**Student:** 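Take a look at the following structure, please.
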Amino acid sequence: MRKKIVAGNWKMNKTLQEGIELAKEVNNKVKEADIKNVTVVIGTPFIHLAEINKIVDPNFIAVSAQNCATEASGAYTGEVSAAMVASTGSKYVILGHSERRSYYGENDAILVKKVERALENQLEVIFCVGEVLAEREANKHFEVVKSQLVNGLFSLPAEQFAHIVIAYEPVWAIGTGKTATSTQAEEMHNFIRKTVAEKYGQAVADNTSILYGGSCNAKNADELFSQPNVDGGLIGGASLKADDFMAIINARQNH
Ligand code: 13P
């Protein structure tokens, strides 16, 4: 059975002190609601990871980085390795986010290396895919997402692919308040699962969690999570307020 996951991506928000406060609030709310059948993840800036791992109850919340280095260690000033991320107690890393692809030039070859480093360090990878608006308008969205999957992930052997969570984040829906309709989300998630099945077989595909991201909020989460192939969400803006994030977790729990 694949996991239901609600993951927050804080992006470059919250000072350490603000982050600690938010993590405490989320932790308390998730424990109070006794959320058991949803894996709740919070994706914080690197420097928050060690502190926040000390605060949250690992039975209820997993902590994620938002990136890691392509290399294992050495003279790479300013980089943070997957081993360092794992050493903070973090269990996940978000890789291939469209903001990293477009602002920091992360291409398939770079992402293959980052995924390898993450898996070598026993991190679970939340791997983001998604098309820009022009690609959707040109009816190329399936082709684009397939190419991101094939070139970023499909060199992995099946036993490693089991540690991949896929997040479909249409770039035109990120931070825009414009969400994909549940029909559009389901159509793409179904396509992603089919594509995974063609490569790794139906059993692996059925065990792969596929999250939706892009202006997912307390109001639309319920409708999105009602779709059979939408296993959860990768939440940006709405993960920065404990009540909003909690409402999304509850929506996932209730389906
Ligand atoms: P928003 O929820 O702010 O649109 O961001 C989505 C996202 O990019 C999560 O990774």
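None of these values were measured; they are calculated from a predicted model. Order of appearance sets the numbers: ligands from 1, and atoms from 1 within every ligand. In what follows, residues are counted from 1 in the order of the sequence shown.
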**Student:** Please list, in number order, the atoms of ligand 1 under 4.0 Å from a heavy atom of Gly214.
**Tutor:**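 What qualifies from ligand 1 is 4 (O), 6 (C).
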**Student:** Is Lys113 salt-bridged to Glu116, going by a charged N under 4.0 Å from an acidic O?
**Tutor:**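 Salt bridge absent between Lys113 and Glu116.
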**Student:** Pull out every atom of ligand 1 sitting under 4.0 Å from any heavy atom of Glu169, numbered as shown with elements.
**Tutor:**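 Per the distance check, 6 (C), 7 (C), 8 (O), 9 (C), 10 (O).
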**Student:** Nearest to atom 2 (O) of ligand 1, what protein heavy atom do you find, and at what distance?
**Tutor:** Gly236 N, 2.9 Å
**Student:** Do Asn67 and His97 meet the criterion of a side-chain donor-acceptor pair at a distance under 3.5 Å?
**Tutor:**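 The criterion, which ignores hydrogens and geometry beyond distance, is not satisfied for His97 and Asn67.
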**Student:** Verify, without hydrogens or angle tests, whether Glu135 (side chain) and Val132 (backbone) share a donor-acceptor contact under 3.5 angstrom.
**Tutor:**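 Yes, the answer is positive, given that a donor and an acceptor are paired below the 3.5 Å cut-off.
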**Student:** I'd like the name of whichever of Gly213, Gly175, Cys216 reaches closest to atom 4 (O) of ligand 1 through any heavy atom.
**Tutor:**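 Looking at heavy atoms only, Gly175 sits closest to atom 4 (O) of ligand 1.
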**Student:** Between Ile174 and ligand 1, which part of the residue brings a heavy atom under 4.0 Å of the ligand: side chain, backbone, both or neither?
**Tutor:**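 Both backbone and side chain.
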**Student:** Taking atom types as modelled and ignoring hydrogens, do the side chains of Asn53 and Ser90 form a donor-acceptor contact shorter than 3.5 angstrom?
**Tutor:** yes
**Student:** Should you measure from each heavy atom of Leu234, which atoms of ligand 1 turn up under 4.0 Å away?
**Tutor:** 9 (C), 10 (O)
**Student:** Does Lys31 pair with Asp57 as a salt bridge, N-O distance under 4.0 Å?
**Tutor:** yes
**Student:** Quick one: do Asp206 and Arg193 make a salt bridge, cutoff under 4.0 Å?
**Tutor:** no
**Student:** Compute the minimum heavy-atom distance from Ala167 to ligand 1 and say whether it is under 4.0 Å.
**Tutor:**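 Contact check Ala167 vs ligand 1: negative.
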**Student:** With heavy atoms of Gly237 as the reference, note each atom of ligand 1 found under 4.0 Å away.
**Tutor:**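 Selected atoms, number and element: 1 (P), 2 (O), 3 (O).
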**Student:** Should Glu106 and Arg100 count as an ion pair when the cut-off is N to O under 4.0 Å?
**Tutor:** yes
**Student:** Give the atom numbers and elements of ligand 1 that come within less than 4.0 Å of a heavy atom of Lys11.
**Tutor:**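 Going through ligand 1 atom by atom, the ones under 4.0 Å from Lys11 are 5 (O), 6 (C), 7 (C), 8 (O).
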**Student:** Which ligand 1 atoms does Ser215 reach within 4.0 Å, using its non-hydrogen atoms?
**Tutor:**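 Ligand 1 atoms under the 4.0 Å threshold to Ser215: 1 (P), 2 (O), 4 (O).
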**Student:** Could you tell me, atom by atom, which parts of ligand 1 come under 4.0 Å of a heavy atom of His97?
**Tutor:** 7 (C), 8 (O), 9 (C), 10 (O)
**Student:** Between Lys91 and Glu124, does any NZ, NE, NH1 or NH2 come within less than 4.0 Å of an OD or OE carboxylate oxygen?
**Tutor:**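 Judged by the 4.0 Å cut-off on N to carboxylate O distance, Glu124 and Lys91 do not form a salt bridge.
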**Student:** Number the atoms of ligand 1 from 1 as they appear, then name those within less than 4.0 Å of a heavy atom of Ala173, with their elements.
**Tutor:** 4 (O)
